[in-house]
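Reviewing the structure listed below.
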Amino acid sequence: MKEIRLLNPDDLEEVYQLFKEATSDPKNIYTWAIYDEDKVCREYFKKLIDANNNAQYLFGVFFNNELVGALTLFHPIIVGTQHKAIIENMYVKDIDHLDEKLLNTVANFCTELQIEKIMAPVASNNISALTFYSEYGFSKIGFETNSRKYGDEYIDEHWLIYPIKKAADVN
């Protein structure tokens, strides 16, 4: 049985356990802004899945009632940028194309919110994520050096974009 839905406070412990697993499974991380437990604790996830958080949405994908993947969508409520969203975190275990199904669900959610494009930052050395996003239909729009900083270490990122609303739909 497969289920994809927005996560809620009842899912906190499962979300946190999935995060801990994701930090040790780089093969299945597509986008992850958080790299270790020292930087983020349960409180981060508690705020993320709080019903009053209307700028971030945490989607979960379940397989046989087990949380096997998650995606955080950031939708800034800033005048002029409400037409786009950013994938902050995405991790899915390698099960039956659930990664694609999760992105399909998020794209449909974005359509409902009138979001026209999704952006995703991907670490420059994450070749499997770049391949996955490319096969899904994302395009590279830029490269940012020193995009993230952890202690004294920098990480470069590719910025990718997926058009929900195609150019033909605008006219």
### Task
Answer yes if Ile86 and Phe143 sit in the same cluster of Ile, Leu, Val, Met, Phe, Trp and Tyr residues linked by side chain heavy atoms under 4.5 Å apart, and no otherwise.
no
### Heavy-atom pair of closest approach, residues Leu48 and Asn53
O-ND2, 3.5 Å
### Query
Looking at Thr72, Leu58, Leu12, which hits side chain to side chain contact (heavy atoms under 4.5 Å, CB included) with Leu7?
Leu58
#### Entry: Gln56 versus Glu88, closest heavy-atom pair with distance
NE2-OE1, 2.9 Å
### Message
So, taking the atom named CD1 in Ile87 and the one named CE in Met119, what distance separates them when rounded to the nearest 0.5 Å?
### Response
11.0 Å
### Message
Among Leu160, Val122, Ile161, exactly one meets side chain to side chain contact (heavy atoms under 4.5 Å, CB included) together with Lys140. Which residue is that?
### Response
Leu160
### Message
Less than 4.5 Å apart, side chain to side chain, heavy atoms only: is that true for Lys84 and Glu116?
### Response
no
### Message
Quick check: do Phe59 and Met90 have side-chain heavy atoms less than 4.5 Å from each other?
### Response
no
### Task
Under the side-chain contact (heavy atoms from CB on, under 4.5 Å) rule, what do Ile78 and Thr81 come out as? Steps first, then yes or no, please.
CA-CA 6 Å; Ile78 300 169; Thr81 64; 3.3 Å; yes
#### Entry: Closest heavy-atom pair and its distance - Gly137, Pro163
O-CD, 4.5 Å
#### Entry: Steps toward side-chain contact (heavy atoms from CB on, under 4.5 Å) verdict (Arg5, Asp11)
CA-CA 11 Å; Arg5 64 174 170 80; Asp11 300 309; 2.8 Å; yes
### Message
Applying a strict under-4.5 Å side-chain criterion to I, L, V, M, F, W and Y, I'd like to know whether Ile49 and Phe74 cluster together.
### Response
no
### Query
Pick one: which of Ile164, Ile4, Leu71 meets side chain to side chain contact (heavy atoms under 4.5 Å, CB included) with Val106?
Leu71
### Message
Rounded at 0.5 Å granularity, tell me how far CG in Leu73 sits from CG in Asn89.
### Response
11.0 Å
### Query
Does a salt bridge link Arg42 with Glu13, judged by any charged N lying under 4.0 Å from a carboxylate O?
yes
### Query
With a 3.5 Å cut-off and no angle check, do the side chains of Ser124 and Asn126 form a donor-acceptor pair?
no
### Approximate separation, where rounding is to 0.5 Å, of Phe109 CZ and Leu103 CG
14.0 Å
### Message
Would the distance check show the side chain of Ser134 and the main-chain N or O of Leu130 forming a donor-acceptor pair, the cut-off being under 3.5 Å?
### Response
no
### Query
Using the ring of each side chain (for Trp, its six-membered ring), is Tyr136 parallel, tilted or perpendicular to Tyr162, with breaks at 30° and 60°?
tilted
#### Entry: Closest non-hydrogen atom pair, Ala107 against Ile118
CA-CD1, 4.3 Å
### Message
Could you measure the distance from the CD atom of Glu66 to the CG atom of Leu18? Nearest 0.5 Å is fine.
### Response
8.5 Å
### Query
Side chains of Ser147 and Glu157: do they bring a donor and an acceptor to under 3.5 Å?
yes
### Task
Identify the two heavy atoms, one from Ala120 and one from Phe138, that lie closest to each other, and give their separation to 0.1 Å.
CB-CE2, 4.1 Å
### Query
How many angstroms lie between CD in Glu21 and CG in Leu67, if you round to the nearest 0.5 Å?
9.5 Å
### Task
Using a cut-off of 6.0 Å, state whether more than 12 heavy atoms not belonging to His83 lie near its atom NE2.
yes
### Message
In the structure I gave you, are the side-chain heavy atoms of Glu3 and Val61 within less than 4.5 Å of one another anywhere?
### Response
no
### Task
Report the distance from atom CZ of Arg148 to atom CG of Asp156, rounding to the nearest 0.5 Å.
12.0 Å
### Query
Counting only N and O atoms by type, is there a donor-acceptor contact under 3.5 Å from the side chain of His158 to the main-chain atoms of Pro121?
no
### Task
Evaluate the side-chain contact (heavy atoms from CB on, under 4.5 Å) criterion for residues His75 and Ile115: first the C-alpha distance (whole Å), next the side-chain angles of each, then the deciding distance (0.1 Å), finally the verdict.
CA-CA 9 Å; His75 182 220; Ile115 295 171; 3.6 Å; yes
### Query
Would Ile141 and Phe132 show up in the same hydrophobic cluster when neighbours are defined by side-chain heavy atoms closer than 4.5 Å?
no
### Query
Once the angle between the rings of Phe45 and Phe19 is folded into 0 to 90°, is it parallel (under 30°), tilted (30 to 60°) or perpendicular (over 60°)?
tilted
